[in-house]
Amino acid sequence: QVQLVESGGGLVQPGGSLRLSCVASTSIFSYVDVTMGWYRQVPGNQRELVAAITSIGSRNYADSVKGRFTISRDGAKNTVYLQMNNLQPQDTAVYLCNYKRFATDYWGQGTQVTVSA
């Protein structure tokens, strides 16, 4: 079983920044067909993809965060990061780390991000 632990969430004012971290219990990006990503969920809404990165370094972002968020990885630390800049109230959500391999999804417990004046 792959375990994922997120951290870095908190309360920030509009225009502020946060960096989320996701530490995996296994070596990441050591296999083919691996994707790690960040999703977010607001009560009453479906979970949505925010950003993802593959084992070969391909990245994709939700349109709403392009130019503001950056996903990156550190294989030595088994960690994926999400740098979030110019945060806005609509970014408020629980952010969840996802690890996908062989069409199987693993999820962290989530970290709360609240953007409010």
Side-chain angles (χ1 to χ4, degrees):
Q1 180 67 227
V2 177
Q3 295 179 320
L4 307 170
V5 180
E6 305 101 327
S7 63
L11 193 155
V12 65
Q13 293 187 353
S17 297
L18 288 171
R19 188 180 74 161
L20 306 184
S21 299
C22 173
V23 181
S25 63
T26 188
S27 297
I28 57 177
F29 302 116
S30 298
Y31 307 90
V32 297
D33 299 324
V34 169
T35 300
M36 293 199 72
W38 290 94
Y39 289 71
R40 64 188 181 189
Q41 187 160 24
V42 178
N45 292 359
Q46 67 179 11
R47 190 172 297 175
E48 65 174 352
L49 176 67
V50 177
I53 185 168
T54 72
S55 57
I56 61 172
S58 299
R59 296 168 172 84
N60 70 290
Y61 299 91
D63 288 342
S64 60
V65 307
K66 287 180 179 178
R68 299 189 296 123
F69 291 11
T70 303
I71 188 169
S72 61
R73 61 185 179 182
D74 186 336
K77 297 181 178 180
N78 295 330
T79 301
V80 172
Y81 303 96
L82 184 67
Q83 179 66 46
M84 305 185 294
N85 297 326
N86 193 23
L87 284 159
Q88 301 299 312
Q90 58 264 37
D91 297 316
T92 296
V94 173
Y95 284 72
L96 298 140
C97 183
N98 170 258
Y99 177 85
K100 185 180 183 69
R101 188 177 70 196
F102 310 129
T104 300
D105 287 295
Y106 303 88
W107 297 92
Q109 293 300 306
T111 185
Q112 177 71 45
V113 172
T114 302
V115 186
S116 176

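In this structure, Ser17 OG and Asn86 CG are separated by 7.5 Å, a value rounded to the nearest 0.5 Å. One distance of note links CD of Gln3 with OG1 of Thr26; it measures 11.0 Å at 0.5 Å rounding. To the nearest 0.5 Å, atoms CD (Gln83) and CD1 (Ile71) are separated by 12.0 Å. Rounding to the nearest 0.5 Å gives a distance of 6.5 Å between OG1 of Thr70 and CG of Asn85. Note that CD1 of Ile53 and OG of Ser58 are 8.5 Å apart. Values are rounded to the nearest 0.5 Å. Distance check, rounded to the nearest 0.5 Å: OG1 of Thr79 to CG of Leu20 gives 12.5 Å.
Side-chain atoms of Thr111 never come within 3.5 Å of backbone atoms of Tyr95 as a donor-acceptor pair (strictly under, hydrogens ignored). Panel note: side chain Arg40, backbone Val50; no donor-acceptor pair is recorded below 3.5 Å. The closest donor-acceptor contact from the side chain of Tyr106 to the backbone of Arg101 lies at 3.5 Å or more, if one exists at all.
For Gln46, the CD atom counts as loosely surrounded, since its 6.0 Å shell holds 12 or fewer non-hydrogen atoms of other residues, nucleotides or ligands. More than 12 non-hydrogen atoms from other residues, nucleotides or ligands lie less than 6.0 angstrom from CD of Gln112.
Under the 4.5 Å side-chain criterion, counting only non-hydrogen atoms from C-beta, Val42 is not in contact with Thr92. You'll find the side chain of Ser55 stays beyond 4.5 Å of the side chain of Asp33, heavy atoms only. Put simply, the side chain of Glu6 reaches to within 4.5 Å of the side chain of Trp38, judged on heavy atoms. At least one side-chain heavy atom of Met36 sits less than 4.5 Å from a side-chain heavy atom of Ile28.
Between Trp107 and Tyr39, the ring planes lie perpendicular to each other; the angle is over 60°, past the 30° to 60° tilted range.
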**OP:** Go through the steps to decide whether Met84 and Asp91 satisfy the test side chain to side chain contact (heavy atoms under 4.5 Å, CB included), and finish with yes or no.
**Re:** CA-CA 10 Å; Met84 305 185 294; Asp91 297 316; over 6 Å; no

request  = Show the numbers, then the answer: is there a side chain to side chain contact (heavy atoms under 4.5 Å, CB included) between Tyr99 and Thr104?
outcome  = CA-CA 8 Å; Tyr99 177 85; Thr104 300; over 6 Å; no

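Tracing side-chain contacts under 4.5 Å through hydrophobic residues (I, L, V, M, F, W, Y), one reaches Tyr61 starting from Val115; they form part of the same cluster. Under the 4.5 Å side-chain heavy-atom criterion for grouping Ile, Leu, Val, Met, Phe, Trp and Tyr, Leu96 is not connected to Val113 through any hydrophobic cluster. The hydrophobic cluster containing Tyr81 does not contain Val65, counting ILVMFWY residues as joined when their side-chain heavy atoms lie under 4.5 angstrom apart, directly or transitively.
Of all heavy-atom pairs spanning Ser116 and Leu11, the tightest one is O-CD2, 4.4 Å. Between Ala62 and Leu49 the shortest heavy-atom distance is CB-O, 3.5 Å.
Scanning for side-chain hydrogen bond (donor to acceptor under 3.5 Å, both in side chains) contacts around Arg73 gives an empty result, with sequence neighbours left out.
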